[in-house]
Amino acid sequence: MSTQSQSKSDDLGELLIIDKHYNELDPEVESYGADGGNLKTITIERDKSITIGRSQSNSLIITHPSISVVHCLIWNIQFDEHSIPLVYIKDESLNGTFLNGHNIGKGATYLLNHNDIITIKFGVSLRFQSAYGFDESNYGRSVIQQNCIATDFEKWKVNDRILGNGTFGNVFVCQNKGLRNKLYAVKIIKNVVNEVSFEPKILLKLNHVIYDAIILKSKLYIFEDLIAGGDLFSYLSNGTVLKPLPEFESLVITFQILIALDYLHSNNVVHRDLKLDNILLATPEPFTKIILADFGIAKSTSSTKRRMFTAVGTPEYCAPEVGFEYTKVPAHLRTSLLGSQTIRKGYDSRCDIWSLGIIVHILLSGISPFYGDGTEVSIIKNAKRGDLSFSAAQWKKVSLRSQLFVKCLLSVDVRKRFTVKECFNHEWIRRHNCELDAIYKKILTR
Ligand SMILES: Nc1ncnc2c1ncn2[C@@H]1O[C@H](COP(=O)(O)OP(=O)(O)OP(=O)(O)O)[C@@H](O)[C@H]1O
């Protein structure tokens, strides 16, 4: 690896105030930091968001009346310890936040580059200085070279900044040549045969926002929307532990996942790998839009009742009937060692509900229910037993209804496990239906 792990400090750079626009116009107007002090630079710290705006809760407060309560939001995402953090800005203002002279536009998000200038009219101009300087794309460039990734397409230009890596390949930032300012993501899947693979087929079937799928020299390039808020795992990460979210925030996330699952299951698609890492956030804020990612092992069937037999997924989130342990036993020995009955039963779309149960359990408590000592063997054993305990202190802070909901999702007996429709009808969701519908509509229009 080249420069990517050079700086592991929590200081990712700074925003340097290089100009103030209001002094001569209005001596009453001022800008200051959250502690009331005269701010010259704002340090960008790992996993911490910065806000600029008129209200006192911002990191930089500017008192001019044309500044919005929260004018813009700046945050950083780092996929893993090898990748360079990405610093994003989102314009939340009515009067505009300008990046290198261009109005970003309310609701739009941009990726910041070293030395970019952010201008807030009647406020301040700030220069973004990355701790990685201009080297920030070196790691991406070396991955592109080593893997012979094509970067120039008729409509697309692949950028050298990495959004994520997975089992199947890498995800890079890219641009549509016709639309200069908007950024997209391209997922590059290695070693595909000369036919469009399953993932884009499923995504196209679902009307998921993918713009192109191109096969070139046995690599598949899937061009899709860039989701800038990182994944739910990073959002919950607090050092080495996961922090529980307030109950209502958990409920809003659960509701959005259920809407997505309802859509998938009614289109006879089973995701099969629902987990915190595959749930992406539009921005790392409460009540943001949630997007399901990674349809790499999703299954399109003629009916969601149709049984599947291949044991896939991630053990921690995998329903017991999927039979993850069977992946360890060679096919020719399975029947004699494990008994044909169990293997032949297979599983259906309710494997996704189990995974959702694990996710909701973590959202509410910060605890993965069957994790045990963290080994695959203990996770699988605990999940098969299905014993749930709500005695941890965190559970005292949430309603009994939420605990009952989790129980209905994590039922080892598949016949008793909820379907998506039954989830929507559960008290925990139903009694908040109006609020949830209203929040969801608002989220979609942002
Ligand atoms: N559209 C996107 N916008 C922003 N980041 C993305 C996008 N798609 C994927 N990523 C990032 O890249 C990571 C890897 O992508 P993805 O999960 O699709 O790959 P994968 O190879 O299927 O992963 P896995 O090994 O978990 O199966 C994601 O966890 C996410 O952080």
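Every number for a ligand or one of its atoms is a count from 1 in the order of the listing.
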ask   = Under a heavy-atom criterion of less than 4.0 Å, does N165 contact ligand 1?
value =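 Yes.
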Which atoms of ligand 1 are found less than 4.0 Å from any heavy atom of [X]?
X	answer
A185	1 (N), 2 (C), 3 (N)
L163	4 (C), 5 (N), 11 (C), 31 (O)
K187	16 (P), 18 (O), 19 (O), 20 (P), 22 (O)
D277	29 (O)

Could you find the nearest protein heavy atom to [atom] and give me its residue, atom name and distance?
atom	value
atom 27 (O) of ligand 1	D294 OD2, 2.7 Å
atom 13 (C) of ligand 1	F79 CE1, 3.6 Å
atom 25 (O) of ligand 1	T167 OG1, 2.4 Å

message = My understanding is that only one of W354, F295, Y263 makes a ring pair (Phe, Tyr, Trp, His ring centres under 6.0 Å) with H271; could you say which?
response =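 The residue from W354, F295, Y263 that satisfies ring pair (Phe, Tyr, Trp, His ring centres under 6.0 Å) with H271 turns out to be F295.
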Do ligand 1 and [X] have nitrogen or oxygen atoms that lie under 3.5 Å from each other?
X	answer
E224	yes
I227	yes
L280	no

request  = Could you tell me which non-hydrogen atom of L409 sits nearest to which non-hydrogen atom of C423, and how far apart they are?
outcome  =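 That would be CD1-SG, 3.8 Å.
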inquiry  = Heavy-atom pairs closer than 4.0 Å: do any link ligand 1 to the side chain of V171, the backbone, both, or neither?
reply    =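 Looking at V171 and ligand 1, just side chain atoms fall under 4.0 Å.
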message = Quiz question: by atom type and distance under 3.5 Å, do the side chains of S378 and D373 form a donor-acceptor pair?
response =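 Yes, because at least one side-chain N or O of S378 sits under 3.5 Å from a partner of the opposite role on D373.
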inquiry  = Less than 6.0 angstrom from the centroid, inside 45 degrees of the normal: does K182 satisfy that with respect to the ring of Y184?
reply    =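 The answer is yes, since K182 meets both limits relative to Y184.
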inquiry  = Both conditions, 6.0 Å and 45 degrees, for the charged tip of K381 above the ring of F370: are they met here?
reply    =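 No.
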Kindly say whether [Y] contributes a backbone atom to a donor-acceptor pair with the side chain of [X] at under 3.5 angstrom?
X	Y	answer
N147	I149	no
H114	Q129	no
R350	V414	yes

message = For atom 1 (N) of ligand 1, which of the options L226, N278, D273, D225 provides the nearest non-hydrogen atom?
response =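 Residue with the shortest heavy-atom distance to the ligand atom: D225.
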